[in-house]
Amino acid sequence: MINLEEDFLENRVRLRFAPSPTGPLHIGGARSALFNYLYAKKMQGDFILRIEDTDLERSSRNSEESIKDALIWLGIDWNEGIDKGGIYGPYRQTERIEVYNKYVQELLAKGFAYKCYCSEDEIAAERTILEEKHEMPIYQGKCRNITNEQEKFLIAEGRKPVIRFRTPIGQKIIINDAVRGIVTFESDGVGDFIIVKSDGIPVYNFAVVIDDITMKITHVVRGEEHLANTPRQILIYEALAANKPIFAHISLILGTDRTKMSKRHGSTSVVNYQNDGYLPEALINFLALLGWSPDGEQEFFNLEELIAQFSLERVAKNPAVFDKDKLNYINAKYIKELSVEKLTELAIPYLVKAGYLTEAQALAEKVWLMKMISAIQNRLVCVKDVVEEASLFFKMGKIENEEAQEILSERTVPLVLTSLIKKLEAVATWPEPLEIKKMIKNITKELGLGGKQVFMPIRIALTGKMSGPEMHDFIYVIGLEEVKKRLNI
RNA sequence: GGCCCGUUGGUCAAGUGGUCUAAGACACCGCCCUUUCACGGCGGCUACAGGGGUUCAAAUCCCCUACGGGUCACCA
């Protein structure tokens, strides 16, 4: 009898993102998660979030939470895994120790693995000697064929064993990578690697494989830094006679100095961008284009469009430098397309934090805030910029520089300013921005002055600055009383 | 250092033997719009790492060199 559900799953594409919770979600991790997600969705498969926390020292629940938060913020949602559950759980490696144990015993029983009683110091000494001889620093296999007698003796000494994989000698290990093609390694360069630490916790290279086998992962998309680990993992798949997934090693994201992006390159975690007021859609769009290119000339994509167009074949082999200018460009574009209401909502926390108003005031002045945001919307690269751009609306700025001071000292300035006030006071209802624009134009005509002689003094007298939002928008937003106050009239 | 991966303009990149005197985007520069700045529009600059092959034909295939990166843990 055919088990329908089982059969269905056999043919289902399943991908996972498996971060270790040792810090916030890194920009490179976000891209890995995205590519996995896009491919899984494109193939109408599953996207699983698994936590690789076998490094007890560095893992923390806080990090796990922050990674999940970042993924949710980005809109990369998983349908199986941590918090969501699923039939292949648990999804945290420290909760799967028994699962690993079962396979360790199998490997041990079949002779694919053995216990090694060498101490860390002994291994380190061995490595130093090998390095001095310019040979590969791999384990020399001292415990490979240990006798029971010797083993008893070692245990009596109080030694705690690690478990090593017995790597075959003189074998070629071939990876057929979906982005890199055929990559070949020699087993002799791998050596007998540790699969279980002396504390009984399996090591990453072993745990991933067992998880990927038992969770029926079909495609492993991950950073290129894992390529060198893959031969070890393949050896384990083969020892266990398990089906290998399709591997796809995507290139790294580099800093401007062309080394792997790290903290010294500036913001590397997703939450930094979130805090600066980058939009998740913009970050996704940017990340997708870093190492992947669409078939056509489209530059802006939402998640659905990315899912529809994504393919592993179009993932680039070469590493990509993180180009903040381009991110800024994309983000600014997304900000311009935001509704004023939505942007205002996003901006309020920044305005409150800057001390311009209280939350209660923000709520009460929502309409006014929207007018203000509308005046500065296309000057923003990220939402954080409102702090700078909006400041003029709340308080008069200092006269920016000497040039500004000189412009303000022109003989015609008082005429211009009184003329402006007169016009603003002459109308019964507060004029719309375009009317204000006309008024200012008329001042130039009436006084026979150049545009600059009119515009700049008004701007500087009202804001202290030589540049900023459109003057008519600005006047419209701050209102007559504030204009008079700033002009000391 | 060994092993592995990579190398098209400052950056992201298209290009899978002829359609390449090499697309597009960011950045930069210039012009227009705007009585400033910004936004927007238009235009410009700049690239197949080098050397050997293979082929009628190479950015595209092969080899070597150079350069860059990754990895060599009881980290993931």
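Letters A, B, ... are given to chains in the order of the sequence lines, protein chains preceding strands, and every chain is numbered from 1.
- Among B/rA13, B/rA76, B/rU11, the nucleotide with an atom closest to any side-chain atom of A/Arg258 is B/rU11.
- Between the side chain of A/Asp323 and the base of B/rA27 there is no donor-acceptor pair of N/O atoms closer than 3.5 Å.
- For A/Lys260, the listed nucleotide lying nearest its side chain is B/rU71; candidates were B/rA73, B/rA27, B/rU71.
- For the 3.5 Å distance criterion, the side chains of A/Asp211 and A/Gln93 qualify, holding a donor opposite an acceptor.
- A distance of about 49 Å separates the C1' atoms of B/rG41 and B/rU54, rounded to the whole Å.
- At B/rU71, none of the side-chain N or O atoms of A/Arg232 fall inside 4.0 Å of OP1 or OP2 (strictly under the cut-off).
- For the P atoms, the distance linking B/rA73 with B/rC48 amounts to 40 Å, nearest Å.
- Pairing for B/rA38 is absent, judged as Watson-Crick or G-U wobble with the two contacts each under 3.5 Å.
- Proximity note for A/Lys197 (side chain, C-beta onward) versus B/rU11, B/rC4, B/rA76: the nearest is B/rA76.
- Using bins of under 30°, 30° to 60° and over 60° for the plane-to-plane angle, the ring pair A/Phe165/A/Phe112 lands in the parallel bin.
- Closest approach to the A/Asp55 side chain among B/rA76, B/rU8, B/rC37 is made by B/rA76 (side chain taken as heavy atoms from C-beta onward).
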List, with names and distances, any nitrogen or oxygen atoms from the protein found under 3.5 Å away from nitrogen or oxygen atoms belonging to nucleotides 38-45 of chain B.
none

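- By the neighbour-count criterion of 12 heavy atoms within 6.0 Å, atom NZ of A/Lys465 is densely surrounded, having more than that number from other residues, nucleotides or ligands.
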Contact state string [nucleotides 58-66 of chain B, B base, S sugar-phosphate only, - no protein heavy atom under 4.0 Å]: ---------
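- Checking B/rC67 for Watson-Crick or G-U wobble geometry (two distances, each under 3.5 Å) identifies B/rG6 as its partner.
- Comparing the C1' positions of B/rA76 and B/rC37 gives an interatomic distance of 49 Å, to the nearest angstrom.
- Comparing atom distances between the A/Glu52 side chain and each of B/rU71, B/rA76, B/rC4 picks out B/rA76 as nearest.
- If you check B/rU71, B/rC4, B/rU11 against the side chain of A/Ala228, the one that comes closest is B/rU71.
- Looking at A/Arg180, its side chain has no donor and acceptor atom pair within 3.5 Å of the base of B/rC5.
- When the nearest nucleotides of RNA chain B are assigned to A/Tyr204 and A/Ser293 by heavy-atom distance, the more 5′-ward of the two goes with A/Ser293.
- Among the nucleotides B/rC74, B/rG6, B/rC12, the one closest to any side-chain atom of A/Val321 is B/rC12.
- The residue among A/Lys326 and A/Ser198 whose nearest nucleotide of RNA chain B is located toward the 5' end is A/Lys326.
- Across B/rG15, B/rC75, B/rU11, the shortest atom-to-atom separation from the side chain of A/Val203 is found for B/rC75.
- Of the side-chain N and O atoms in A/Ser59, none sit less than 4.0 angstrom from OP1 or OP2 of B/rA76.
- Environment of CD in A/Glu400: crowded, with over 12 heavy atoms of neighbouring residues, nucleotides or ligands closer than 6.0 Å.
- B/rG50 sits 25 Å from B/rC45 when the C1' atoms are compared, rounded to a whole Å.
- Comparing the C1' positions of B/rA23 and B/rU46 gives an interatomic distance of 15 Å, to the nearest angstrom.
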